[in-house]
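Quick one: the structure is below, and I'll ask about it shortly.
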Amino acid sequence: MKLHPYIILASVVGMVQALHMDTNNLTNIKQNAALVADGLMNYYDGYRRGGTIGKFIPPYYWWEAGGAWGSLIDYSYYMENNTYHDVIQQAMEYQTGDDYNYIPLNESTTEGNDDQGFWGVAVIAAAEKNFTNPKDPKKQWLALAQAVFNTMSARWDPEHCGGGLRWQIFQWNSGYNYKNSVSNGCLFHIGARLARYTGNDSYADWSEKVWDWMIDSDLIIPGPYWKIVDGLEVDNCSDISPYQWTYNHGLFLAGCAYLYNYTEDEKWRNRTLELLKGAVVFFGTEYDIMYEAACQPSNTCNQDQRSFKAYFSRFLGLTMTLVPETEAVIRPWLVNAANAAANSCSGGTDGVTCGLNWFTGGWDGKFGLGEQMCALEAMTNLQANKFPIYTATTGGSSQGNPAGGYAVTNTNASPLKLGAGDTAGAGIITAIIGVSIVASGVWLVL
Ligand SMILES: *[C@@H]1O[C@H](CO)[C@@H](O)[C@H](O)[C@H]1NC(C)=O
Ligand SMILES: *[C@@H]1O[C@H](CO)[C@@H](O)[C@H](O)[C@H]1NC(C)=O
Ligand SMILES: *[C@@H]1O[C@H](CO)[C@@H](O)[C@H](O)[C@H]1NC(C)=O
Ligand SMILES: *[C@@H]1O[C@H](CO)[C@@H](O)[C@H](O)[C@H]1NC(C)=O
Ligand SMILES: *[C@@H]1O[C@H](CO)[C@@H](O)[C@H](O)[C@H]1NC(C)=O
Ligand SMILES: *[C@@H]1O[C@H](CO)[C@@H](O)[C@H](O)[C@H]1NC(C)=O
Ligand SMILES: *[C@@H]1O[C@H](CO)[C@@H](O)[C@H](O)[C@H]1NC(C)=O
Ligand SMILES: *[C@@H]1O[C@H](CO)[C@@H](O)[C@H](O)[C@H]1NC(C)=O
């Protein structure tokens with residue numbers, strides 16, 4: 001919603017633009033995606049005086065920034081446009097945290113496994129797309145992805161409900177007693193991609209372990225249409241929250257596609273195809289257009305949920321690349337999504353602001369970072385299978401560190417050493433409350 005004087009003038013004189021999508025015309029796709037990407041960047045905090053590199057303006061949480069950089073990597077790679085290259089690289093480099101594992105101190109008191117996971121998904125994509133690595137050898141994309149994987153897998157909790165990751169990393173955060181599909185989905189998905197990229201079977205073994213736990217826990221529910229539900233309570237493992245979200249479905253779908261592509265084991269093909277069939281729940285029957293089924297009809301999607309369709313398109317794009325037989329189903333979904341999203345990108349003062357609900361044929365009055373991301377990924381992923389997904393042996397140049405993520409030096413440097421498997425207790429909570437009381441005191445004085 002940039003209030004550029006020219007745009008205000010344009011709307012006053014009635015020259016309001018809108019996107020005109022032709023999904024058979026690459027020049028046209030690129031032009032439309034550029035307008036949507038530029039709209040996305042209006043929310044970038046790093047462009048503001050005093051803003052933080054790598055973050056988006058409030059109310060967008062840190063995790064969604066990890067999601068957005070992933071969307072912009074897709075934009076750069078599939079649209080062959082390097083305009084945002086340096087901004088993306090700088091952002092992902094700045095937010096790694098002192099231990100190079102995407103637990104930066106500023107976020108560490110609220111960060112969950114899923115938050116860390118979405119930055120992990122962005123860096124493994126950077127490695128696979130041979131996105132220019134930072135100069136710092138400790139911040140190579142592959143090493144960062146391995147660090148995210150190592151610290152997440154070390155939090156595996158066999159004590160409750162037979163395994164799985166909890167939602168939260170820290171005991172004091174509400175949600176610590178919840179084990180959700182997105183946290184486990186991130187571990188499954190990153191493991192699958194690391195296996196294919198590095199050729200190291202240990203990652204695939206971990207993904208299989210996550211999958212088996214999801215099945216045993218009834219979080220993945222086979223049937224005529226396979227479902228992935230939201231999560232379960234640690235206090236009562238049968239107390240399951242039944243909501244289905246596009247991003248969970250996509251994380252597991254694409255993870256299965258990676259595992260099939262890597263192992264060529266028929267069981268992963270079968271799981272890919274079954275999850276693909278189950279994904280119809282996210283396409284409105286009347287229009288066959290992608291939607292967030294659990295919140296869009298009731299108009300209750302929160303800021304986070306408004307970005308989920310972006311990851312879903314991204315994971316559909318990867319799936320049709322890795323398991324080419326799925327393109328027959330996926331491409332029409334993406335074409336419909338791109339067209340419908342483009343129609344929705346006709347709002348705001350600039351005339352190209354994207355909406356949330358793509359069924360209306362126009363703008364629904366909603367706007368935000370998530371809306372821009374969803375439209376962008378629907379468009380850019382039309383090109384997904386025209387480009388290679390590199391591995392360490394087929395063109396990827398990122399250097400790894402299989403032991404990354406913890407055991408980094410300077411353990412005294414920060415009050416919170418929140419590495420692998422830590423479940424920080426009351427002492428640390430007290431320390432943080434102490435620090436924030438001092439901090440707010442200082443603030444009051446100032
Ligand atoms: C493709 O799209 C571009 C940009 O919108 C347009 O200038 C061009 O005429 C289109 N080409 C065809 C063949 O429609
Ligand atoms: C490349 O990206 C920038 C930023 O989104 C955009 O302004 C420009 O038009 C794009 N170029 C092409 C050829 O699409
Ligand atoms: C952490 O927060 C401080 C204060 O807002 C900011 O200056 C710094 O850039 C932030 N660091 C990261 C990695 O976001
Ligand atoms: C394979 O991955 C595992 C799990 O991260 C790691 O412990 C092991 O060192 C890796 N092996 C090689 C040869 O890199
Ligand atoms: C556990 O949750 C299930 C499903 O909600 C419920 O039927 C059952 O009564 C609960 N068990 C206990 C001990 O609360
Ligand atoms: C997957 O495997 C099951 C059990 O073998 C079989 O019934 C089903 O038809 C398979 N699905 C696909 C899509 O191949
Ligand atoms: C793996 O993915 C590549 C594209 O990246 C594709 O060409 C190849 O056929 C896939 N392999 C299998 C077994 O599906
Ligand atoms: C990957 O990037 C490296 C470093 O920029 C470059 O040398 C290499 O040619 C690239 N690989 C491919 C396949 O483009």
Side-chain angles (χ1 to χ4, degrees), residues 2 4 6-7 17-44 46-47 68-69 71-89 91 100-101 120 123-124 127 140 142-156 187-210 259 262-263 338-339 342 345 350 352-354 369 372-373 375-377 379-380 382-383 391-393 396 398-407 419-421:
K2 183 151 65 182
H4 190 283
Y6 173 76
I7 289 162
Q17 44 180 340
L19 303 188
H20 301 286
M21 192 77 194
D22 177 356
T23 55
N24 294 314
N25 177 340
L26 183 54
T27 310
N28 175 282
I29 296 172
K30 286 182 176 179
Q31 276 182 1
N32 286 325
L35 286 168
V36 176
D38 295 350
L40 186 162
M41 289 304 286
N42 286 339
Y43 297 95
Y44 183 38
Y47 282 167
W69 298 119
S71 297
L72 288 160
I73 289 171
D74 278 7
Y75 171 62
S76 300
Y77 191 61
Y78 298 146
M79 300 291 102
E80 301 176 287
N81 186 326
N82 265 331
T83 306
Y84 292 125
H85 177 280
D86 294 354
V87 178
I88 298 168
Q89 190 197 45
Y100 314 107
N101 60 7
V123 280
I124 186 63
Q140 303 294 292
L142 176 60
L144 293 169
Q146 287 169 315
V148 168
F149 175 87
N150 290 340
T151 49
M152 286 180 74
S153 57
R155 293 185 202 113
W156 188 258
L187 181 61
F188 171 79
H189 182 91
I190 295 168
R193 291 173 81 157
L194 283 172
R196 182 178 176 276
Y197 189 93
T198 64
N200 181 339
D201 283 333
S202 314
Y203 298 116
D205 293 346
W206 258 103
S207 294
E208 177 129 30
K209 177 169 160 170
V210 179
L259 289 169
Y262 172 59
T263 64
N339 280 317
C345 297
D350 59 4
V352 291
T353 292
C354 303
L369 177 60
Q372 295 301 127
M373 287 167 59
L376 184 63
E377 294 252 27
M379 294 173 189
T380 58
L382 293 169
Q383 287 296 104
T391 68
T393 54
S398 193
Q399 296 302 305
N401 173 12
Y406 34 72

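Ligands are counted one by one from 1 in listed order, and the atoms in each one are counted from 1 as well.
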Q.
Give me the residue, atom name and distance of the protein heavy atom closest to atom 2 (O) of ligand 4.
A.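 Minimum-distance protein heavy atom for atom 2 (O) of ligand 4 reads Asn200 ND2, 2.4 Å.
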
Q: Would you mind checking which non-hydrogen protein atom is closest to atom 9 (O) of ligand 4, with the distance to 0.1 Å?
A: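 Of every protein heavy atom, Pro402 CB, 3.9 Å lies nearest to atom 9 (O) of ligand 4.
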
Q.
Treating Asn101 as the side-chain partner and Ala147 as the backbone partner, does any N or O pair qualify as donor plus acceptor under 3.5 Å?
A. no

Q: Around atom 1 (C) of ligand 2, find the nearest protein heavy atom and jot down its residue, atom name and distance.
A: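 Heavy-atom neighbour on the protein nearest atom 1 (C) of ligand 2: Asn81 ND2, 1.4 Å.
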
Q) Looking at Phe188, Trp206, Phe149, which hits ring pair (Phe, Tyr, Trp, His ring centres under 6.0 Å) with Trp156? A)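 It is Trp206, the one option of Phe188, Trp206, Phe149 that forms the ring pair (Phe, Tyr, Trp, His ring centres under 6.0 Å) with Trp156.
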
Q) Which residue from Ser76, Ala34, Gly39 reaches closest to atom 6 (C) of ligand 2 through any of its heavy atoms? A) Ala34

Q) Hey, does Lys30 have a side-chain heavy atom less than 4.5 Å from the side chain of Asn81? A) no

Q. Does Asn150 approach ligand 4 within less than 4.0 angstrom via side chain, backbone, both or neither, non-hydrogen atoms only?
A. side chain

Q) In ligand 4, which numbered atoms sit nearer than 4.0 Å to a non-hydrogen atom of Ser202? A) 1 (C), 2 (O), 3 (C), 4 (C)

Q) Just by modelled atom types, is the Ala192 backbone N or O under 3.5 Å from a matching donor or acceptor in the Ser207 side chain? A) yes

Q. Which one of Asn28, Asn339, Asn32 satisfies the side-chain contact (heavy atoms from CB on, under 4.5 Å) criterion with Thr23?
A. Asn339

Q: Return yes if some donor-acceptor pair links the side-chain N/O of Gln146 with the main-chain N/O of Ala403 below 3.5 Å, else return no.
A: no

(Q) List ligand 4 atoms under 4.0 Å from Tyr203, heavy atoms only on the residue side. (A) 2 (O), 5 (O)

Q. Ligand 1 versus Gln31, non-hydrogen atoms closer than 4.0 Å: side chain, backbone, both, neither?
A. side chain

Q) When you measure from atom 3 (C) of ligand 2 to every protein heavy atom, which one gives the shortest distance, and what is it? A) Thr83 OG1, 3.3 Å

**Q.** Taking atom 13 (C) of ligand 1 as the reference point, the nearest protein heavy atom with its distance
**A.**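 Atom 13 (C) of ligand 1 sits closest to the protein heavy atom Asn25 ND2, 4.4 Å.
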
Q: Among all protein heavy atoms, pick the one closest to atom 4 (C) of ligand 2 and tell me residue, atom and distance.
A: Asp38 OD1, 3.1 Å

**Q.** Side chain Gln140, main chain Gly400, donor-acceptor under 3.5 Å
**A.** no

Q: Decide yes or no for Met41 and Leu72: does some side-chain heavy atom of the first lie under 4.5 Å from some side-chain heavy atom of the second?
A: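 A side-chain contact under 4.5 Å exists here.
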
Q. Distance below 4.0 Å between atom 11 (N) of ligand 1 and any protein heavy atom?
A.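 Yes, at least one protein heavy atom sits under 4.0 Å from atom 11 (N) of ligand 1.
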
